[in-house]
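I'd like to ask you about the structure that follows.
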Amino acid sequence: MNRLAQETSPYLLQHADNPVDWYPWGDEAFERARAEDKPILLSVGYAACHWCHVMEHESFEDEETAALMNERFVPVKVDREERPDVDGLYMEAVVTMTGQGGWPMTVFLTPDGRPFYGGTYFPPEPRFNMPSFQQLLHAVSQAYQERRGELEEQADALVGAIREASDRQPSNEPLTSELISLAVSALHAQFDPGHGGFGRAPKFPPASNLELLLRTGRDDALEMVRATLDGMAAGGMYDVLGGGFHRYSVDGAWLVPHFEKMLYDNALLASTYLHAWLVTGEERYRRVVEETLDYMVRDLRLLEGGFASAQDADTGGVEGLTYTWTPEEIEDALEEPHPEWLQPFEGGRCIIRGAVPEEARQRLLEVRMARPQPLRDDKVIAAWNGMALAAFAEAAHRLESPDYLAVALELAAFLRETMADDEGRLRRTYRDGVAKIDGYLEDYAHVANGYIELHWATGDLRWLAEARRVAELAQAFVDTDRGGWFVGDHDLVARRKEFDDHPTPSGNAMMAFVSLRLARIWGDDELERAAVGAFRLAYPLLERAPTALGHMLCALDFHFSALREIAVVGESEELRRAALAGFQPNTVFAFSPEPTDDVPLLAAKTLVDGRPAAYVCERFACQAPVTSAEELRAALTAG
């Protein structure tokens, strides 16, 4: 056993029996590297990563390779999901050096943490135009001994480039809604009319871009949304038996997935399909929402109330084994063949695609659940659970589901009580009773957004107050000189800002979105200015690569939208439901069972003749209050 045996991350624990003398990321590894003047060999991956498992088996479990690593380097293993700052920093360096990134990631660092060489997967023997991993280790070690000055210069240049990117000055160009139109045009240019989605294989689920298209209300945008949602849900990348989405499709038709299932994909897509149902009224989108949320409850929910991060792509070392079928297995389970559902995969196994009748679906799922299951990465990530909270909270009131509301309430309590320290600051991860690592910007942003959605689902003011409190704590990440927010405040060789979706909404995008929502409820111009500061920093990227910043553009669309706030005072489920009805992505709400001045949008709002009342406002200038759902709907339509 090596030092990783003391960790809580399932990914790190997978490597605890390696003959490699792994260190977790921390002072001990860097102190040894400085004392022995050895480079750090940083290896970054995650538990559900197929090629991470491959490289472990081929290299990290090999005694000869491990001996070479231990002799020439200080090996450090990092779970990218625990440490997004470490992963993001060194991934940026690897992409700069090689033009591409991915996991497993291998990076060589000076003893003070500056990167000087790196790549992704390296095979045990030379192939794919790559050296073997052992050849790489010999070459890097020799270069470190004989060309140290050259490597130091390269490390300085890389760190300087990374710092410079985050030191970018805000743009003085005017922010206009034309940026959103340009993004829609760019999506049109990349759209695949045959199967939906954007670009060529592999295809990743584009939740943020679909949300942007839904916001536009344009017919051509809605056509792209429909084609993409239908293509993804046809089967393959979408699990038609058990619900939920696999990570991505290796082909252009959403058929053959990379079989890992991630919490964040399913939380984000559940929300996107929910919004598509609101816009179109198509019941097939509601069905995907319910099946996806039910999958999350069945397979990812933990006893403590939080949600596990992921399920592995592999079962017993074979990718997709749990999820694929032979024709004979289908016939044995159903006592009749169904070749029309089966699409060839590999090794004689098939992927199910198509409309499987409910009785057959239940039977096949029962058979599948009796098989060996893929590993579940049962660590809790605060940001991803914030996404899940938003999805369950919104679905609870949209679908009138007390079960989803119960899940959301338990999850919110878990985030507030278990995923926070004594002063209420968020922790990044939790597993086996241990919450650790200071939270990052994305943790605060997504959890705050989840609390806002829970207030809207319940009318309970404590969740709105909690959203405000968490958002205020995120000011620890703000760049007071240039605007925007840093990824985190951990001590690394450079502090970075992220703006693009990769694939989740970046911390800056979600923090801008949350700031705008709270600004309209609190009438807080400082929050509005903070969001605009992030937009100005992102402006060059919004112009150059808008499709990579879908959620930032959603926040920008919110910024440009006609302001509308709705306040409801008094206990009235009827008024609250009428206020929230339909797809109103640029409206904010505040609810209170009784008059209160604690929230500015609710201040000076009173009952009318003792009856609950709703106020429709624009920049806090409100229409006359109404007391019935019918009157409220009329006021909203007129507005």
Side-chain angles (χ1 to χ4, degrees), residues 48 205 229-247 249 251 253-263 265-266 269-270 273-274 277 282-303 307-308 310-376 378 392 395 399 401 403-404 407:
L229 295 181
D230 291 342
M232 287 194 298
M237 199 189 82
Y238 181 68
D239 180 357
V240 298
L241 298 185
F245 291 84
H246 297 290
R247 180 67 199 91
S249 169
D251 58 81
W254 307 106
L255 173 62
V256 179
H258 191 46
F259 283 93
E260 65 202 64
K261 282 183 173 180
M262 311 301 296
L263 173 63
D265 283 325
N266 286 284
L269 288 169
Y273 277 84
L274 180 64
W277 171 68
E282 298 285 356
E283 285 299 311
R284 64 184 183 277
Y285 298 143
R286 175 175 177 150
R287 176 182 55 79
V288 171
V289 174
E290 293 173 334
E291 290 177 356
T292 299
L293 294 177
D294 291 349
Y295 151 72
M296 291 164 62
V297 171
R298 184 187 68 237
D299 290 354
L300 295 180
R301 195 178 186 212
L302 305 172
L303 291 176
F307 283 82
Q311 287 180 296
D312 208 321
D314 299 359
T315 303
V318 179
E319 186 172 13
L321 184 61
T322 296
Y323 300 101
T324 55
W325 299 77
T326 65
E328 293 76 19
E329 287 172 336
I330 295 288
E331 187 169 3
D332 287 346
L334 300 178
E335 298 181 350
E336 60 182 13
H338 280 282
E340 71 276 14
W341 298 339
L342 300 181
Q343 298 290 331
F345 175 51
E346 58 186 34
R349 302 189 68 78
C350 299
I351 292 166
I352 293 182
R353 166 174 276 200
V356 179
E358 180 61 20
E359 185 176 349
R361 186 188 72 82
Q362 290 283 0
R363 174 57 185 152
L364 292 175
L365 180 60
E366 179 184 339
V367 171
R368 198 180 78 183
M369 293 298 289
R371 297 173 175 175
Q373 298 296 304
L375 170 78
R376 184 174 73 171
D378 59 355
F392 277 99
L399 306 181
S401 170
D403 290 341
Y404 292 158
V407 171

Which atoms form the tightest heavy-atom contact between Ala333 and Val367, and what is the distance?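 What the structure gives for the nearest pair is CB-CG2, 3.9 Å.
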Shortest non-hydrogen contact between Ala308 and Asp378, atoms and distance: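 Heavy-atom minimum between the residues: CB-CA, 3.6 Å.
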Say you draw a straight line from CG of Leu342 to CD of Glu340; how long is it, rounded to the nearest 0.5 Å?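 These two atoms lie 7.5 Å from each other.
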Nearest-0.5 Å distance that lies between atom OG1 in Thr324 and atom CZ in Arg371: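 Those atoms lie 6.5 Å apart.
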Is there a side-chain contact between Arg284 and Arg286, using heavy atoms and a 4.5 Å cut-off?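 Of all side-chain heavy-atom pairs linking Arg286 with Arg284, none is under 4.5 Å.
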Over 60° means perpendicular and under 30° means parallel, so tell me whether Phe392 and Phe307 are parallel, tilted or perpendicular.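 Ring orientation, 0 to 90° scale: parallel.
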Less than 3.5 Å apart, any donor N or O on the side chain of Glu358 or Gln362 sitting next to an acceptor on the other?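 Note: Glu358 and Gln362 side chains meet the donor-acceptor criterion.
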Look at Asp299 together with Lys261 and state whether they make a salt bridge at an N to O cut-off of under 4.0 Å.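 No, this pair does not count.
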Spatial distance of atom CG (Leu229) from atom CH2 (Trp254) [nearest 0.5 Å]: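 Leu229 atom CG to Trp254 atom CH2 measures 9.5 Å (nearest 0.5 Å).
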Heavy-atom pair with the smallest gap, counting every atom of Pro327 and Cys350: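 For Pro327 versus Cys350, the nearest heavy atoms are CD-SG, 4.5 Å.
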To the nearest 0.5 Å, tell me how far Leu269 CG sits from Met237 CE.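 Rounded to the nearest 0.5 Å, the CG-CE separation comes out at 6.5 Å.
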How about CD on Glu336, more than 12 heavy atoms from neighbouring residues, nucleotides or ligands closer than 6.0 Å, or not?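 Correct, the count exceeds 12.
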Tell me the closest heavy-atom pair linking Ala253 and Asp251, and the distance in Å.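 Reported closest heavy-atom pair: N-OD1, 2.7 Å.
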Heavy-atom pair with the smallest gap, counting every atom of Pro257 and Ile351: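 Result for this residue pair: CD-CD1, 3.8 Å.
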Name the residue from Arg363, Arg349, Arg368 that meets the salt bridge (charged side-chain N to carboxylate O under 4.0 Å, His left out) definition with Glu329.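 One option only clears the test, and that one is Arg349.
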Does the side chain of Leu321 reach to within under 4.5 Å of the side chain of Pro372, using non-hydrogen atoms?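 Counting from C-beta outward, Leu321 and Pro372 never come under 4.5 Å.
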Considering only NZ, NE, NH1 and NH2 on the basic side and carboxylate oxygens on the acidic side, decide whether Arg287 and Glu290 come within less than 4.0 Å.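 Salt bridge absent between Arg287 and Glu290.
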Can you check whether Gly243's main-chain N or O pairs, donor with acceptor, with Arg298's side chain at less than 3.5 Å?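 Absent.
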Do Thr322 and Phe259 have side-chain heavy atoms sitting under 4.5 Å apart?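 No - every pair of side-chain heavy atoms lies 4.5 Å or more apart.
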Cation-pi geometry met for Arg361 and Trp341 (6.0 Å, 45°):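 Relative to the ring axis of Trp341, which defines the angle, Arg361 lies outside at least one limit.
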Please round to the nearest 0.5 Å and tell me the distance separating atom CE of Met262 and atom CG of Leu300.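 That separation rounds to 10.0 Å.
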Thr292 to Ala270 - nearest heavy-atom pair and separation: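 Here Thr292 and Ala270 meet closest at CG2-CB, 4.2 Å.
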Would Tyr273 and Tyr238 count as a close aromatic pair, with their ring centres under 6.0 Å?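 Centroid separation for Tyr273 and Tyr238: 6.0 Å or greater.
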Nearest 0.5 Å please: distance from the NE2 atom of His258 over to the NE2 atom of His246.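 These two atoms lie 11.0 Å from each other.
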Examine the side chains of Gln311 and Tyr295 and answer whether a donor and an acceptor come within less than 3.5 Å of each other.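 Indeed, the side chains of Gln311 and Tyr295 share at least one donor-acceptor pair under 3.5 Å.
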Is there a side-chain contact (heavy atoms from CB on, under 4.5 Å) between Val240 and Arg353? Walk through the geometry before answering. CA-CA 7 Å; Val240 298; Arg353 166 174 276 200; over 6 Å; no
